[in-house]
Student: 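Okay, here's the structure, questions in a sec.
Positions are given from 1, in the same order as the sequence printed here.
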Amino acid sequence: MKKFFVSVLFIITIISAQAQLKIDGQYRPRFEFRDGYKAFNTENNDPAYFVTQRTRLNLNHKYNTVTSRISIRDYRIWGEYKLKSDDPGVSVFEAYFKLQLNDFWAVSAGRQSFNIDNKRLFSAANWNQVSSSHDGVTMDYKKESLNFKMLTAFNQSKVSNFGTDYSDQISNYKFLNAIWIEKKVQNLTLANITITDGYQKEGTKSTEYYRMTTGVVAKYNKTASNIEARGFYQFGKNMKGQDVSSYFLNLIYGYDLTEKFNIIAGIEYMSGNDLSDSLNLDDNAFDILYGTKHAYNGIMDYFSTPNTTANAGLVDAYVKFNFSKLKNWNLSARYHYFALANNYLYNGEEQDKFLANEIDLIAKYKMNDIIDMEFGYATLLGSKTLEYIKGVEPEGMQHYFYAMITVKPTFFKN
């Protein structure tokens with residue numbers, strides 16, 4: 001028996017010498033107090049409070065030119081399952097391999113999460129305890145100041161001998177292709193992104209609708225200031241078969257007043273439908289596709305999808321004050337001014353486009369190398385127009401608070 005264990009130890013030592021292996025995890029419980037989060041509180045509603053938890057086990061392996069990753073996750077609400085329960089709760093978040101073809105090209109295949117640009121159109125959606133990942137193949141090219149990435153995915157819900165029917169997942173894309181090209185020249189960075197997603201028409205087995213989103217990103221960084229500008233255009237057909245013609249504009253300016261204090265001011269414009277024009281059958285409401293929602297238009301998530309503004313679009317003007325490196329604290333105070341981008345009717349009359357004011361306060365504390373804590377509070381004061389869109393009359397101001405701790409231990413590393 002002693003010889004057996006010595007042999008096993010010897011084999012592990014040989015393998016470890018030739019490959020790199022890291023096993024780590026993540027525990028992320030989050031307490032939330034909701035009294036007007038996403039939807040107005042009323043005199044008939046009581047606040048909600050609960051704890052959700054994300055747990056992940058990650059295995060990262062590298063051998064020569066092959067890198068592989070498996071990430072197992074469990075998501076639960078505290079108390080969701082009985083004390084003695086065998087309900088399954090574990091699933092695969094990521095499972096892919098990456099082959100480095102040469103110094104510049106690499107290909108990856110499997111279930112992967114993606115962050116492109118500032119995560120506005122493509123994101124792993126890290127705030128969500130489940131997060132987002134895709135089954136597909138990616139090609140990457142990196143050489144000095146030029147970056148290229150392409151993702152291609154084709155989805156099916158079952159193995160079949162004939163046809164490509166995706167009726168079981170009609171709300172999910174059937175085909176997806178994303179291309180990102182970025183070039184940096186001194187202080188200026190220019191990029192192009194083009195995303196094509198296809199949906200199977202409901203009630204059919206072969207009819208598909210394709211939508212394209214394309215645009216440019218420009219970034220200028222110099223010393224203490226930086227400027228970012230984005231413009232995207234969306235066309236084709238949405239999943240309902242409507243013709244799409246919409247656009248997105250974004251301008252951000254950041255300035256570092258000191259090493260520890262900076263200000264960011266910006267504006268986002270997402271086009272929408274003119275609800276006073278009953279003859280227009282096109283979809284003019286811009287969709288941010290697979291991007292992050294929570295990080296941009298206020299942490300209360302009132303304006304995360306086109307239908308949250310009755311498809312009338314959104315204007316978000318904001319200013320952020322960030323304080324960093326205050327011992328182990330990073331503090332942020334943010335103000336958002338929300339308005340509709342297009343006309344909205346209620347009882348046949350056009351309404352004021354102003355929607356709401358929102359203030360977000362966020363504090364992050366780094367306890368040590370593996371433990372981070374985060375606290376957030378937000379309040380929103382809505383307009384009459386927003387009351388009409390939400391369909392309820394609010395009771396006072398709207399509030400939201402959360403407290404989250406993230407622990408990332410490393411169990412094994414060689």
Side-chain angles (χ1 to χ4, degrees), residues 21-30 52-62 66-77 80 88-100 106-140 142 147-159 164 166 168-180 193-200 211 213 239 287-296 301 304-305 404 406-408 410:
L21 176 63
K22 180 181 179 181
I23 303 175
D24 58 37
Q26 182 187 84
Y27 307 95
R28 198 175 81 167
R30 182 167 70 218
T52 61
Q53 180 170 328
R54 169 204 289 176
T55 307
R56 286 180 182 168
L57 178 64
N58 307 311
L59 290 83
N60 298 279
H61 183 269
K62 183 176 182 181
V66 180
T67 302
S68 58
R69 174 178 170 85
I70 298 176
S71 179
I72 307 299
R73 70 179 171 204
D74 173 74
Y75 164 73
R76 65 184 58 240
I77 305 168
E80 179 181 7
V90 176
S91 61
V92 175
F93 172 55
E94 291 182 308
Y96 68 89
F97 68 87
K98 180 178 181 180
L99 176 61
Q100 194 71 39
V107 59
S108 304
R111 189 162 187 84
Q112 312 165 58
S113 60
F114 298 100
N115 292 310
I116 298 178
D117 184 31
N118 66 341
K119 308 178 185 179
R120 203 62 183 105
L121 297 182
F122 234 108
S123 168
N126 186 58
W127 171 259
N128 189 297
Q129 294 283 50
V130 177
S131 292
S132 176
S133 53
H134 306 258
D135 299 312
V137 178
T138 61
M139 292 289 296
D140 290 278
K142 293 184 178 181
N147 290 328
F148 168 84
K149 178 186 285 290
M150 182 177 72
L151 158 69
T152 298
F154 179 75
N155 291 336
Q156 289 290 278
S157 56
K158 61 183 178 181
V159 175
T164 58
Y166 200 45
D168 293 343
Q169 300 286 344
I170 203 70
S171 61
N172 191 25
Y173 65 79
K174 185 175 182 178
F175 170 80
L176 176 67
N177 183 262
I179 298 176
W180 168 260
I193 187 170
T194 300
I195 301 172
T196 303
D197 50 354
Y199 289 82
Q200 184 170 312
R211 173 181 56 185
T213 305
M239 66 175 65
D287 191 333
I288 62 170
L289 304 178
Y290 314 102
T292 182
K293 302 174 177 64
H294 182 82
Y296 286 98
D301 294 331
S304 55
T305 59
M404 180 170 68
T406 304
V407 182
K408 296 181 178 180
T410 298

Student: Could you measure the distance from the OG atom of Ser68 to the CG atom of Leu59? Nearest 0.5 Å is fine.
Tutor: 8.5 Å
Student: Identify the two heavy atoms, one from Ala124 and one from Ser113, that lie closest to each other, and give their separation to 0.1 Å.
Tutor: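 Between these two residues, the closest heavy atoms are CB-CB, 3.7 Å.
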Student: Once salt bridge (charged side-chain N to carboxylate O under 4.0 Å, His left out) is applied, do any residues pair with Arg120, and if so which ones, sequence neighbours excluded?
Tutor: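 Applying salt bridge (charged side-chain N to carboxylate O under 4.0 Å, His left out) to Arg120 gives Glu268.
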Student: Which residues satisfy the salt bridge (charged side-chain N to carboxylate O under 4.0 Å, His left out) test with Lys149, sequence neighbours excluded?
Tutor: Asp140
Student: Measuring only between side-chain heavy atoms, which start at C-beta, is Ile193 closer than 4.5 Å to Ile179?
Tutor: no
Student: Shortest non-hydrogen contact from Phe93 to Ser131?
Tutor: CE1-CB, 3.7 Å
Student: What pairs with Asp117 under salt bridge (charged side-chain N to carboxylate O under 4.0 Å, His left out), at least two apart in sequence or on another chain?
Tutor: Lys219, Arg230
Student: Taking side-chain contact (heavy atoms from CB on, under 4.5 Å) as the definition, give me every residue that meets it alongside Lys174, ordered by chain and number, with sequence neighbours left out.
Tutor: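 If we apply the side-chain contact (heavy atoms from CB on, under 4.5 Å) test to Lys174, skipping adjacent residues, the hits are Phe154, Gln156, Thr164, Tyr166, Gln200, Glu208.
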Student: Not counting sequence neighbours, which residues clear ring pair (Phe, Tyr, Trp, His ring centres under 6.0 Å) with Phe122? List them please.
Tutor: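 Ring pair (Phe, Tyr, Trp, His ring centres under 6.0 Å) list for Phe122, sorted by chain: His134, Tyr290.
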Student: If you apply the rule salt bridge (charged side-chain N to carboxylate O under 4.0 Å, His left out), what do you find for Glu94 with Arg111, and how did you get there?
Tutor: CA-CA 5 Å; Glu94 291 182 308; Arg111 189 162 187 84; over 6 Å; no
Student: As a quick check of understanding, evaluate side chain to side chain contact (heavy atoms under 4.5 Å, CB included) for Arg54 and Asp74, giving each step before the final call.
Tutor: CA-CA 6 Å; Arg54 169 204 289 176; Asp74 173 74; over 6 Å; no
Student: Could you list the residues that satisfy side-chain contact (heavy atoms from CB on, under 4.5 Å) with Thr406, not counting sequence neighbours?
Tutor: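 side-chain contact (heavy atoms from CB on, under 4.5 Å) check on Thr406 returns Gln26, Arg28, Met404, Lys408.
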Student: Who pairs with Leu21 by side-chain contact (heavy atoms from CB on, under 4.5 Å), at least two apart in sequence or on another chain?
Tutor: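 With sequence neighbours excluded, Leu21 shows a side-chain contact (heavy atoms from CB on, under 4.5 Å) to Ile23, His61, Phe412, Asn414, given in chain and number order.
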Student: Within 45° of the axis and under 6.0 Å from the centre of the six-membered ring of Tyr199, does NZ or CZ of Arg211 qualify?
Tutor: no
Student: With sequence neighbours excluded, what pairs up with Thr67 under the side-chain hydrogen bond (donor to acceptor under 3.5 Å, both in side chains) test?
Tutor: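 Partners of Thr67 under the side-chain hydrogen bond (donor to acceptor under 3.5 Å, both in side chains) test: none.
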Student: For Ser123, which residues count as a side-chain hydrogen bond (donor to acceptor under 3.5 Å, both in side chains) partner, sequence neighbours excluded?
Tutor: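 Per chain and number, Ser123 pairs via side-chain hydrogen bond (donor to acceptor under 3.5 Å, both in side chains) with no residue.
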Student: So, using side-chain contact (heavy atoms from CB on, under 4.5 Å) as the criterion, who are the partners of Gln100 when residues are at least two apart?
Tutor: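 Listed in chain order: Thr65, Lys98, Ala106.
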Student: Kindly write out the residues that satisfy side-chain hydrogen bond (donor to acceptor under 3.5 Å, both in side chains) with Asp24, not counting sequence neighbours, or none if the list is empty.
Tutor: Asn58
Student: Residues two or more places apart in sequence or in another chain: which of them pass salt bridge (charged side-chain N to carboxylate O under 4.0 Å, His left out) with Arg30?
Tutor: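 Expected list: Glu32.
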